[in-house]
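Here is the structure we will look at, set down as structure tokens.
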Amino acid sequence: MEYIAIDSNELVNGKASFSTDVFVDITETALKKTKDVVAAKKDPIDVSYKDKKLSVSIAIRVLLGTNVVKICEALQTRVHDNILEMTGIDCQDISLDIAGFFTKEKEKAKD
């Protein structure tokens, strides 16, 4: 398990160390709560911390016929706000890799 040590000047309230799994879990929750978007693969989330900067990358698929820009903005905002609220870290680098599209019928068939 990989840990990220964050200095007090990067946090709203002090110094802490976090497992990268924490950020993956927060991001997965945000992804599940965002309408019209799903994970593009089994492990769609990559978290890294370099040069005092937290980066989150998510591979997604978007519902065919919806506004991709609007959905991506909503997901990025939700991930950012959840990470800030739960950890005190202001993650400004949230990248989305749009791997494709899906239809509701095909998603229902998977379940």
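Along the sequence shown, the residues carry numbers beginning at 1.
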So ring pair (Phe, Tyr, Trp, His ring centres under 6.0 Å) across residues 21-47, not counting sequence neighbours, yields Phe18-Phe23
Sorted by chain and residue number, the side chain to side chain contact (heavy atoms under 4.5 Å, CB included) partners of Asn67 (sequence neighbours excluded) come out as Val69, Lys70
Between Val24 and Ile45 the two heavy atoms that sit nearest each other are O-CD1, 3.7 Å
For Ser48, the side chain to side chain donor-acceptor pair (under 3.5 Å) test, sequence neighbours excluded, returns none
To the nearest 0.5 Å, atom CZ of Arg61 lies from atom CG of Asp36 at 12.5 Å
Within the structure provided, determine whether Leu63 and Phe102 are in side-chain contact (heavy-atom separation under 4.5 Å).
yes
*asked:* Do Asp46 and Val56 have side chains that approach each other closer than 4.5 Å (heavy atoms only, starting at C-beta)?
replied: no
To the nearest 0.5 Å, atom CD1 of Ile26 lies from atom CG of Leu31 at 14.0 Å
May I have the list of side-chain donor-acceptor pairs in residues 76-86 shorter than 3.5 Å, sequence neighbours left out?
unit_1	atom_1	unit_2	atom_2	d
Gln76	NE2	Ile94	O	2.7
Thr77	OG1	Glu73	O	2.9
Arg78	NH1	Lys33	O	2.7
Arg78	NH1	Thr34	OG1	3.1
His80	NE2	Asp90	OD1	2.5
His80	NE2	Gln92	NE2	3.3

Asp97 meets the side chain to side chain contact (heavy atoms under 4.5 Å, CB included) criterion, sequence neighbours left out, with Ala59
To the nearest 0.5 Å, atom OH of Tyr3 lies from atom OG of Ser17 at 9.0 Å
task: Check whether the side chains of Ser55 and Asp93 place a donor and an acceptor atom closer than 3.5 Å, and report yes or no.
output: yes
Rounded to the nearest 0.5 angstrom, the OG1-OH distance for Thr20 and Tyr49 is 13.5 Å
Sorted by chain and residue number, the side chain to side chain contact (heavy atoms under 4.5 Å, CB included) partners of Ile98 (sequence neighbours excluded) come out as Ile60, Val62, Val68, Cys72
